Enquirer: 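Take a look at the following structure, please.
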Amino acid sequence: MENKVLVEISARHVHLSKKDLETLFGQGYELTVKKELSQPGQFASNERVRVVGAKSEFPAVSILGPCRKETQVELSLTDARSIGVTAPVRESGDLEGSGSCKLVGPAGEIEITKGVIAAKRHIHATTADAEKMGLTNGQIVSVEIPTSNERNLTFGDVVVRVSDSYALTMHIDTDEANAAGMAPNTIGTIIK
């Protein structure tokens, strides 16, 4: 039996710590939900921030909630180059030695000295999903992306992340999706 996974495109976004949220939006500020995301408890908020690099900026980048322990900015490698920031390919939360930028909100601004990354492509899976597919947390797999435009692509170095708080999906960034000419609701095949 083939192991199938829905592949979602993750565009540029920001995760904020509570402290940084209050600096950017005001004391006691809470994010407001615009849209629930596929991962349980995660949401795109109505709020936006300006992400400023050495060369340019993105004026209105989406903030995903809820707040996290540390502020993290996720960009594609093309995004990072275009505004003049460093964004090493990392798993979410692996921020030591990552890039820096300025974030500007309606009530203030902050310079983050680390936290800018290009997210490593990954699969979210529950324990039951992982067991059914013969996958383990931290395992590296490949995923074949079928397309109808003669740009089929197999992504290697896909990390499996297992937690019962996840829903089964794969996340890639916009550069990766564009390379495959990928359409929404694409189903990939996991290759071990």
Side-chain angles (χ1 to χ4, degrees), residues 1-15 34-40 42-45 48-51 53 55-65 72-94 98-99 101 115-126 129-130 132-135 137-163 166-192:
M1 177 177 142
E2 291 184 306
N3 292 329
K4 301 290 187 180
V5 63
L6 174 65
V7 183
E8 295 181 327
I9 304 166
S10 181
R12 71 179 75 108
H13 61 271
V14 174
H15 300 278
K34 177 180 181 180
K35 175 184 164 188
E36 298 290 334
L37 301 177
S38 64
Q39 295 306 306
Q42 305 292 306
F43 61 91
S45 74
R48 303 277 187 268
V49 290
R50 186 160 37 118
V51 176
K55 293 193 315 189
S56 188
E57 66 182 50
F58 295 118
V61 177
S62 180
I63 301 170
L64 301 188
Q72 177 174 297
V73 177
E74 294 184 35
L75 303 173
S76 72
L77 294 176
T78 300
D79 285 343
R81 275 189 223 98
S82 73
I83 65 168
V85 299
T86 299
V89 176
R90 298 279 180 81
E91 283 191 57
S92 183
D94 180 8
S98 60
C101 71
V116 180
I117 66 168
K120 183 175 178 75
R121 59 185 81 107
H122 57 278
I123 294 171
H124 294 278
T126 65
D129 291 329
K132 180 178 162 188
M133 296 180 167
L135 302 172
N137 189 52
Q139 181 178 359
I140 303 297
V141 298
S142 295
V143 177
E144 181 181 16
I145 307 295
T147 61
S148 60
N149 61 7
E150 301 178 5
R151 295 198 83 180
N152 288 8
L153 186 64
T154 299
F155 288 114
D157 300 316
V158 180
V159 65
V160 177
R161 296 167 55 187
V162 179
S163 169
Y166 292 154
L168 181 62
T169 53
M170 176 180 173
H171 288 156
I172 61 175
D173 70 23
T174 52
D175 284 351
E176 294 165 321
N178 289 336
M182 199 180 93
N185 301 311
T186 295
I187 303 294
T189 302
I190 299 169
I191 304 165
K192 294 182 260 176

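This is a predicted model, so every value here is computed, not measured.
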Enquirer: Kindly say whether Asn3 contributes a backbone atom to a donor-acceptor pair with the side chain of Lys132 at under 3.5 angstrom?
Expert: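 It does not hold such a pair.
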Enquirer: For residues 184-192, please give each side-chain donor-acceptor pair under 3.5 Å, one per line with the distance, not counting sequence neighbours.
Expert:
from	atom 1	to	atom 2	distance (Å)
Thr186	OG1	Ala183	O	2.5
Thr189	OG1	Lys4	NZ	2.9
Lys192	NZ	Met133	O	2.7

Enquirer: With a 3.5 Å distance limit and no angle check, can you tell me whether Arg121 reaches the backbone of Gly156 through a side-chain donor-acceptor pair?
Expert: yes
Enquirer: Using atom types as modelled and distance alone, determine if a side-chain donor or acceptor of Gln72 lies under 3.5 Å from a backbone N or O of Gly93.
Expert: yes
Enquirer: Hey, are the side chains of Val141 and Val160 touching, using non-hydrogen atoms and a 4.5 Å cut-off?
Expert: yes
Enquirer: On a heavy-atom basis, which atom in Ala44 and which in Leu37 lie closest, and how many Å separate them?
Expert: N-CG, 3.7 Å
Enquirer: Of the non-hydrogen atoms in Val162 and Ala130, which two are nearest, and what is the gap between them?
Expert: CG2-CB, 3.8 Å
Enquirer: Minimum heavy-atom separation for Met182 to Ile172, with atom names?
Expert: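 Heavy-atom minimum between the residues: SD-CD1, 3.8 Å.
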Enquirer: What is the distance from atom CD1 of Ile63 to atom NZ of Lys34, rounded to the nearest 0.5 Å?
Expert: 12.0 Å
Enquirer: Report the distance from atom OG of Ser62 to atom NE2 of His15, rounding to the nearest 0.5 Å.
Expert: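 One gets 9.5 Å once the value is rounded to the nearest 0.5 Å.
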Enquirer: Report the distance from atom OG of Ser76 to atom CG of Asp175, rounding to the nearest 0.5 Å.
Expert: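 Taking OG in Ser76 and CG in Asp175, the distance rounds to 3.5 Å.
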Enquirer: Cut-off 3.5 Å, side chains only: do Glu8 and Ser38 have a donor facing an acceptor?
Expert: yes
Enquirer: To the nearest 0.5 Å, how far apart are CD in Gln42 and CG in Leu64?
Expert: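 Atom-to-atom, Gln42:CD and Leu64:CG are 7.5 Å apart.
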Enquirer: Quick check: closest heavy atoms across Ala80 and Leu75, and the distance to 0.1 Å?
Expert: CA-CD1, 4.1 Å
Enquirer: Mind checking what makes ring pair (Phe, Tyr, Trp, His ring centres under 6.0 Å) contact with Tyr166, not counting sequence neighbours?
Expert: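 Here the qualifying residues are His124.
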Enquirer: Quick check: closest heavy atoms across Asn137 and Arg161, and the distance to 0.1 Å?
Expert: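 Where Asn137 meets Arg161 most closely, the heavy atoms are OD1-CA, 3.4 Å.
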Enquirer: For a quick test of reading the model, state the closest non-hydrogen atom pair linking Ser92 to Ile117 and the distance between them.
Expert: CA-CD1, 4.1 Å
Enquirer: Below 4.5 Å, heavy atoms only, C-beta onward: do Val116 and Val51 meet side chain to side chain?
Expert: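 Contact flag for Val116/Val51 side chains = no.
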Enquirer: With rounding to the nearest 0.5 angstrom, report the CG to OG1 distance, Leu77 to Thr174.
Expert: 9.5 Å
Enquirer: Nearest 0.5 Å, what's the OG-CD distance between Ser98 and Glu74?
Expert: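 So the gap between those two atoms works out to 11.0 Å.
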Enquirer: What I'd like to find out is whether the side chain of Thr126 reaches to under 4.5 Å of the side chain of Leu168, using heavy atoms alone.
Expert: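 In short, these two side chains do not touch, never coming nearer than 4.5 Å.
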